[in-house]
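Beneath this line is the structure, given in structure tokens, with notes to follow.
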Amino acid sequence: MDISLVAESPFRFRIERRAPMRVPGVVFATADLLPRAASGEALEQVANVATLPGVVRASYAMPDVHWGYGFPIGGVAATDVEDGGVVSPGGVGFDISCGVRLLAADIDRAGLEPRLRKLMDILGDTIPRGMGRGGLWKLSGRAEMEKLLVGGAGYAVEHGHGVPSDLTFCEDEGALEDADPSQVGARAVERGLQQVGSLGSGNHFLEVQAVDRVYDERTASAFGLRPGRICVMIHCGSRGLGHQVCTDHVRVMDRTLDRYGISLPDRQLACAPVESPEGRAYLGAMSAAANYGRANRQLLTQAVRRAFATAAGVGVDLVYDVSHNMAKIETHRVDGARRRLCVHRKGATLALPPGDPSLPEELAEAGQPVLVPGTMGTASYVLVGEKGNDAFHSACHGAGRVWSRHQALREVRGEALRDDLESKGIAVRPSSWRGLAEETPEAYKDVDAVAGATEGAGLARLVARLVPVGVVKG
DNA sequence: ATGTTC
């Protein structure tokens, strides 16, 4: 497909609808970020998504968009459930409910300084990470797993891994209600039993950060953020369990495309109507895997609390937990009518504005926190949802890759990167030199530019900038 | 992302 972009504003570009697209594409970016988005066929994927049955309004790309499996990462697309709308596992991604949790410690940067090394040593020794390698909480078997898949972060809290108030500051209060553990296969359960409370690898990390700058004092204060405060950002997902759920259901849907008369420009877009046995089965399994991801981040939170208590004698509060790989059934106004939509956000977060009725009262006035992890050498951001977001209240989820992992390995050595970061005062606890090198800050877009474009496009508003102090790398 | 190629 030949992709041509039309500038609608300095922050918004349109891909004109042409057969077989059912809706246009919309790319949120700046002229500087656009060439990055256009690389690796990500924009062709935006156009491909616009062909899905039941898709409404537009196929969207966030400023951090890059190439992914079927759908681009940084892509958002909604389908009309009552109009044959489909759900596609590729629109969620292999790491179901991959997401970010931000914690805030009762200590500032200066106060932590003399204890930072000890803190990092404890975190480095106690946070399970890397491929395989076990987790903090070993489940006894399928029966216990099913309870976790239904209860999510709440199940972890019930078992002493956290406090009930944590759940207030989790999206969906830590669990999606429509989880169906019976749709999670034996292999997925087997892979997940040993991995609850583990970081994983790739771009997953746990960072000790300091609030570097506040843009909106009132909202930052509502989130518990003030200049100099020490925070912890946890980025991880649903490990082997989510991966296996995606694999299993993609296979099923790939085989049922003909039965539903669905033709696709790319088989990786495999999908089924939301209101079909295959669609419902996937959504039930996806929600269960999402709840696993939330429980996983809850367990890691407790390990962080233990580390801060031992190293610095201080407590740690939960600021918020968001998933950025999800499909959710939501109601939105489309062409003047309220419609039930299946909103796919793959590498994109929900970003509800102040006053949205689905926010808990503690966040109603401020709006929903948007957590944007950057890179271990630059910065991360907290934004907040705002009114007028026509991308179904969605925002970016990170900096977005520009180098392949292969290219990063050609350019950078892990040991040299560690020395570079340490010389900047960033303590590093890698799990492998190769994994560290693959995640070199140069492999990513400029997160300041991505966050700025997200605000410029009216998707969310800047609240605070966080800089890394210590990195525990998956 | 991923028992890094069922």
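Every value quoted in this text rests on a predicted model; they were computed, and no experiment measured them. Below, chains carry the letters A, B, ... as their sequence lines are ordered, and counting in each starts from 1.
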**Message:** Just the rounded figure in Å: distance from C1' of dT2(B) to OH of Y292(A).
**Reply:** 13 Å
For residues 269-294 of chain A, run the donor-acceptor check on the side chains, cut-off 3.5 Å, and write out each pair with its distance to 0.1 Å, sequence neighbours left out.
{"unit_1": "E275(A)", "atom_1": "OE1", "unit_2": "R280(A)", "atom_2": "NH1", "d": "3.0"}
{"unit_1": "S276(A)", "atom_1": "OG", "unit_2": "P273(A)", "atom_2": "O", "d": "2.6"}
{"unit_1": "S276(A)", "atom_1": "OG", "unit_2": "G279(A)", "atom_2": "N", "d": "3.0"}
{"unit_1": "E278(A)", "atom_1": "OE1", "unit_2": "Y260(A)", "atom_2": "OH", "d": "2.4"}
{"unit_1": "E278(A)", "atom_1": "OE2", "unit_2": "R259(A)", "atom_2": "NH1", "d": "3.0"}
{"unit_1": "S287(A)", "atom_1": "OG", "unit_2": "D178(A)", "atom_2": "OD1", "d": "2.9"}
{"unit_1": "S287(A)", "atom_1": "OG", "unit_2": "L283(A)", "atom_2": "O", "d": "2.9"}
{"unit_1": "N291(A)", "atom_1": "OD1", "unit_2": "L176(A)", "atom_2": "N", "d": "2.7"}
{"unit_1": "N291(A)", "atom_1": "ND2", "unit_2": "L149(A)", "atom_2": "O", "d": "2.9"}
{"unit_1": "N291(A)", "atom_1": "ND2", "unit_2": "V150(A)", "atom_2": "O", "d": "3.4"}
{"unit_1": "N291(A)", "atom_1": "ND2", "unit_2": "L176(A)", "atom_2": "O", "d": "3.2"}
{"unit_1": "Y292(A)", "atom_1": "OH", "unit_2": "G192(A)", "atom_2": "O", "d": "2.7"}
{"unit_1": "Y292(A)", "atom_1": "OH", "unit_2": "V196(A)", "atom_2": "N", "d": "3.3"}
{"unit_1": "R294(A)", "atom_1": "NE", "unit_2": "S323(A)", "atom_2": "OG", "d": "3.0"}
{"unit_1": "R294(A)", "atom_1": "NH2", "unit_2": "D172(A)", "atom_2": "OD2", "d": "2.6"}

**Asked** Hey, does G240(A) reach any base, or is it just sugar-phosphate, or nothing, if we go heavy atoms under 4.0 Å?
**Response** sugar-phosphate
**Request:** Taking side chain to side chain contact (heavy atoms under 4.5 Å, CB included) as the test, write out the residues that go with A78(A), two or more places apart.
**Result:** V56(A), L341(A), V343(A), F392(A)
**Complete:** note: R405(A), atom CZ; dT4(B), atom C1'; distance rounded to Å ~ 10 Å
**Asked** Base, sugar-phosphate, or nothing for R133(A), non-hydrogen atoms under 4.0 angstrom?
**Response** nothing
**Request:** Under 4.0 Å between any heavy atoms, over every strand shown, what does G93(A) touch: base, sugar-phosphate, or nothing? Just pick one.
**Result:** nothing
**Request:** Measure the distance from OH on Y69(A) to C1' on dT4(B) and round it to the nearest whole Å.
**Result:** 17 Å
**Complete:** Atom CD of Q244(A) and atom P of dC6(B) are separated, to the nearest Å, by 10 Å
**Asked** To the nearest angstrom, how far is H204(A) atom NE2 from dT2(B) atom C1'?
**Response** 10 Å
**Prompt:** With a cut-off of under 6.0 Å to the ring centre and 45° to the axis, is R401(A) in cation-pi contact with Y444(A)?
**Reply:** yes
**Asked** Heavy-atom count around R22(A) CZ within 6.0 Å, excluding the residue itself: above 12?
**Response** yes
**Asked** What is the distance from CG of L199(A) to P of dT4(B), rounded to the nearest Å?
**Response** 18 Å
**Prompt:** Can you find a side chain N or O atom of T247(A) that sits less than 4.0 Å from OP1 or OP2 on dT2(B)?
**Reply:** no
**Complete:** Rounded to whole Å, the CZ-P distance (R434(A) to dT4(B)) equals 12 Å
**Asked** If you look at every strand shown and take non-hydrogen atoms under 4.0 Å, does Q194(A) touch a base, only sugar-phosphate, or nothing?
**Response** nothing
**Request:** To the nearest Å, give me how far apart CZ (F94(A)) and C1' (dC6(B)) are.
**Result:** 13 Å
